[in-house]
Amino acid sequence: MTLGVQTHEAKREGTGAIEWDAIVIGAGVSGLYQLYRLRELGMKTLVLEKGARVGGTWYWNRYPGARFDSESWTYIYSFSKEVLDEWTWTEHFASQPETERYLNFVADKFDFRRNIEFNSEVVAAHYDEGSRSWNLSLSDGREYRTRFLVTAIGILSEATLPSIKGVETFRGASFHTARWPEEGVDLRGKRVAVIGTGSTGVQVVQEVSKVAGQLTVFQRTANWAAPLHNSKITPEEMQRIRADYPDILARCRETPQCFVHAPDSRSALEVTDQEREAFFEQRYSEPGFGIWYGNFRDILVDREANRLISDFVARKIRERVKDPAIADKLIPKDHGFGTRRLPLETKYFEAFNQPNVELVDVKETPIEEITETGIRTTAGEYELDAIIYATGFNAIIGAFEAIDIRGVGGKSLKEEWSSGPHTFLGFLVAGFPNMLMVMGPHGGLGNFTRFAEFNANWVTELLGYARARGVTRVETTPEAQEEWYHHVIESAAGLLSNEVDSWMTGINKNVEGRSVRRPYRYGGGFPGFKRYCDQVVENGYAGVVFD
Ligand code: NAP
């Protein structure tokens, strides 16, 4: 199987008139809101979307079990009171179909589709200094010219298949979770393999284990996971949530990751054993990321505090998995709790008690080859009807690398970032004028919609400022970029997550060049990020040159 990755050439210099004030790439959560704001600014805006409909992540990731693990009522757009009043969430952690419906509801309401061209894959974007514009080429040969280019291409959108021999040869059905067929796949009674046990793999396993005849889970690195505790939202509860939206949103703005969960002010080391145990128990029994982001303040920075929560969750896994040898394999040994992105699960661990589910530790028995009929490990061959690749993404910069982006003098962004990204606040890159990124590398990261709204607002205000002054060229300076880079590195200091391989530290063993651990996001939290961004604006966009 392939993900259809191709290379394309684009014309470096456009010839026609500049047709668009702004082209936004991507009609996902951030692209849709960016369109709303740019339209409001009176800019002639076009959105180019690779998919056939709106939704981005929530359009592509339609695998069995896909759902939010942020509270639905915090992952909302906050810009429209009408949307807040009219939309009803049915579950605290909505499933993918509901979220996709939500994004379509918003798109209908604001008639977004009139500004979007679907099935439009941008393969190259070249800056032309002469005309101060960007020339875009699409995979089908179409070309566009725009003054400003805004990328809203997501952080987890470039799906990666495993670099295992024979991926192309399997004759059964095989799918990457982020390219799941719209018509669905009937896995009832089938012999199914899942490769990958990140947040996606966990959701797939717990769902497919209910229907597959035999499910074999190929795990390379065990991941910590904790219960989601999802439940339905009653009409009365939804009414209360609606009334509380201002408070909920205000709370999200105050927490580091923009969730409703804020760290407890105590250290895990300053309370008694009984108090600590009771607190961990309470967090483990509550919905959402409280166990991760609402825990003692030091579990993600202090080794001993982290060991205590890791031991607690390991005990829970042992209680939930009947076979101690399987439980042992499911307990991570090479990283502490919460130092990678925490999957939230619903009876994931119990799935391994079922007779139709087998766990294969590929560190013990590595996969040698995917054959025409299954998967061969060093221990033997697994005959299969279907293989599900829950093998993740070329995260954060992958979607940029997939487009041949060239700035002043034909400088390639991919080459520029070959030793890791450098940006100004995740919004701008020196040498790439008039390109703005929504949720770019080294920006803040957490509850996606909360951060995306902030990002799109910042981009809009900058473009509004430029427009009001008749500016046709906007670029950051190398000095401002380096200052931000150093701030990003300083803010990451001490976080245990930076000592661990994960997409958050830029590691993807299936992609060449993604083997050095680096911070790929700003680790200082939303309030700090907002403060820095606000200051830049207050100081007349210090670090940005308008011409
Ligand atoms: P991921 O966290 O990167 O996990 C990929 C998995 O595939 C890992 O277990 C990895 O093992 C394994 N893998 C990759 N290549 C392999 C190979 N060649 N052989 C064996 N195993 C291989 O990707 P993801 O699970 O798709 O999640 C990515 C992110 O998407 C999450 O962290 C989260 O932010 C987001 N997400 C969100 C939700 C939600 O609820 N909202 C749901 C799903 C995902 P190693 O760990 O050993 O590399």
Side-chain angles (χ1 to χ4, degrees), residues 29 56-58 60-72 74-75 91-96 99 154-167 176-180 193-207 216-225 228 230 257 259 288-289 292 330 332-335 338-346 348 360-370 375 377 387-396 398 439 445-449 451 497 500-511 514-515 520-521:
V29 168
T57 282
W58 300 103
W60 293 104
N61 287 269
R62 43 185 72 247
Y63 59 83
R67 65 169 63 247
F68 280 151
D69 51 17
S70 324
E71 287 77 3
S72 314
T74 69
Y75 200 98
E91 292 179 277
H92 285 279
F93 301 90
S95 65
Q96 176 273 334
T99 308
I155 55 168
L156 294 156
S157 42
E158 255 328 275
T160 48
L161 287 168
S163 48
I164 300 174
K165 187 176 156 204
V167 168
H176 190 285
T177 45
R179 294 293 179 274
W180 201 260
V194 174
I195 302 183
T197 51
S199 299
T200 303
V202 164
Q203 289 187 332
V204 171
V205 166
Q206 64 202 19
E207 208 55 33
T216 313
V217 181
F218 292 84
Q219 170 189 277
R220 183 166 65 185
T221 307
N223 267 315
W224 297 102
L228 176 66
N230 190 21
Q257 290 81 19
F259 291 113
F289 283 135
W292 191 23
L330 289 166
K333 310 288 182 308
D334 59 356
H335 66 282
T339 59
R340 298 174 115 200
R341 204 290 200 167
L342 182 74
L344 292 183
E345 46 82 30
T346 305
Y348 171 68
V360 176
D361 181 339
V362 303
K363 278 194 173 142
E364 263 175 26
T365 54
I367 298 175
E368 287 186 330
E369 186 175 1
I370 294 177
I375 295 179
T377 70
I387 301 178
I388 301 176
Y389 295 104
T391 44
F393 302 86
N394 183 358
I396 301 181
M439 304 299 288
L445 201 54
N447 181 328
F448 192 87
T449 315
F451 275 92
S497 57
V500 174
D501 284 356
S502 77
W503 67 259
M504 290 191 177
T505 50
I507 303 294
N508 186 324
K509 292 171 189 148
N510 301 311
V511 179
R514 299 298 300 273
S515 54
Y520 271 68
R521 62 194 169 125

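One-based numbering, in listed order, for ligands and for the atoms of each. Every value quoted in this text rests on a predicted model; they were computed, and no experiment measured them.
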For the residue pair [X] and [Y], establish whether any side-chain heavy-atom pair is separated by less than 4.5 Å.
X	Y	answer
Leu445	Met439	yes
Arg514	Tyr520	yes
Met504	Arg521	yes
Val511	Glu158	no
Phe218	Thr391	no
Trp180	Ile388	yes
Lys363	Arg220	yes

Identify which of [options] has a heavy atom lying nearest to [atom].
atom	options	value
atom 36 (N) of ligand 1	Ser163, Ala94, Ser70, Ser199	Ser199
atom 37 (C) of ligand 1	Lys363, Gln96, Arg341	Arg341
atom 31 (C) of ligand 1	Phe93, Trp503, Phe68	Trp503
atom 7 (O) of ligand 1	Ala395, Gly198, Gly392, Ala390	Ala390

Point to revise | Option passing ring pair (Phe, Tyr, Trp, His ring centres under 6.0 Å) with Phe68 (candidates Phe448, Phe259, Trp58) | key: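 So, applying the ring pair (Phe, Tyr, Trp, His ring centres under 6.0 Å) to Phe68 and each of Phe448, Phe259, Trp58, only Trp58 qualifies.
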Give the atom numbers and elements of ligand 1 that come within less than 4.0 Å of a heavy atom of [X].
X	result
Phe393	26 (O)
Thr221	45 (P), 46 (O), 47 (O)
Pro162	17 (C), 18 (N)
Ile195	20 (C), 21 (N)
Arg67	39 (C), 40 (O), 41 (N)
Arg340	45 (P), 46 (O)
Gly196	6 (C), 7 (O), 9 (O), 12 (C)
Leu156	29 (C), 30 (O), 34 (O), 35 (C)

Point to revise | Shortest protein contact, atom 9 (O) of ligand 1 (heavy atom only) | key: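 Ranking protein heavy atoms by distance from atom 9 (O) of ligand 1, first comes Thr197 N, 2.9 Å.
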Check your understanding: In the protein, which heavy atom is nearest to atom 10 (C) of ligand 1, and how far is it?
Key ->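 The closest one turns out to be Arg220 NH2, 4.2 Å.
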**Study point:** Ala225: partners by side-chain contact (heavy atoms from CB on, under 4.5 Å), with sequence neighbours left out
**Key:**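 With sequence neighbours excluded, Ala225 shows a side-chain contact (heavy atoms from CB on, under 4.5 Å) to Pro343, Glu345, Phe349, given in chain and number order.
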**Study point:** Non-neighbouring partners of Thr505 that pass side-chain contact (heavy atoms from CB on, under 4.5 Å), sequence neighbours left out
**Key:**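 Result, side-chain contact (heavy atoms from CB on, under 4.5 Å) vs Thr505: Asn498, Ser502, Ile507, Arg517.
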What about [X]: any of its N or O atoms under 3.5 Å from an N or O on ligand 1?
X	value
Trp58	no
Ile164	no
Asp69	yes
Thr200	yes
Lys509	no

Check your understanding: What's the spacing between Gln203 CD and Gln96 CD if we round to 0.5 Å?
Key ->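 Interatomic distance, Gln203 CD to Gln96 CD, rounded to 0.5 Å: 10.5 Å.
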Review point. Rounded to the nearest 0.5 Å, what separation is found between the CD1 atom of Ile195 and the NE2 atom of His176?
Key: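 These two atoms lie 10.5 Å from each other.
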**Study point:** Ser70 and Asn447: CA distance, side-chain angles, deciding distance, side chain to side chain donor-acceptor pair (under 3.5 Å) verdict
**Key:** CA-CA 7 Å; Ser70 324; Asn447 181 328; 4.9 Å; no
Review point. With a 4.0 Å cut-off on heavy atoms, does Phe218 reach ligand 1?
Key: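 No; Phe218 lies far enough from ligand 1 that no heavy-atom distance drops under 4.0 Å.
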Check your understanding: Does Tyr63 have a heavy atom less than 4.0 Å from any atom of ligand 1?
Key ->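 Per 4.0 Å heavy-atom rule, Tyr63 contacts ligand 1.
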Practice item. Between Asn510 and ligand 1, find which residue part has any heavy-atom pair under 4.0 Å and reply side chain, backbone, both or neither. Key: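 Within the 4.0 Å criterion, Asn510 contacts ligand 1 through side-chain atoms alone.
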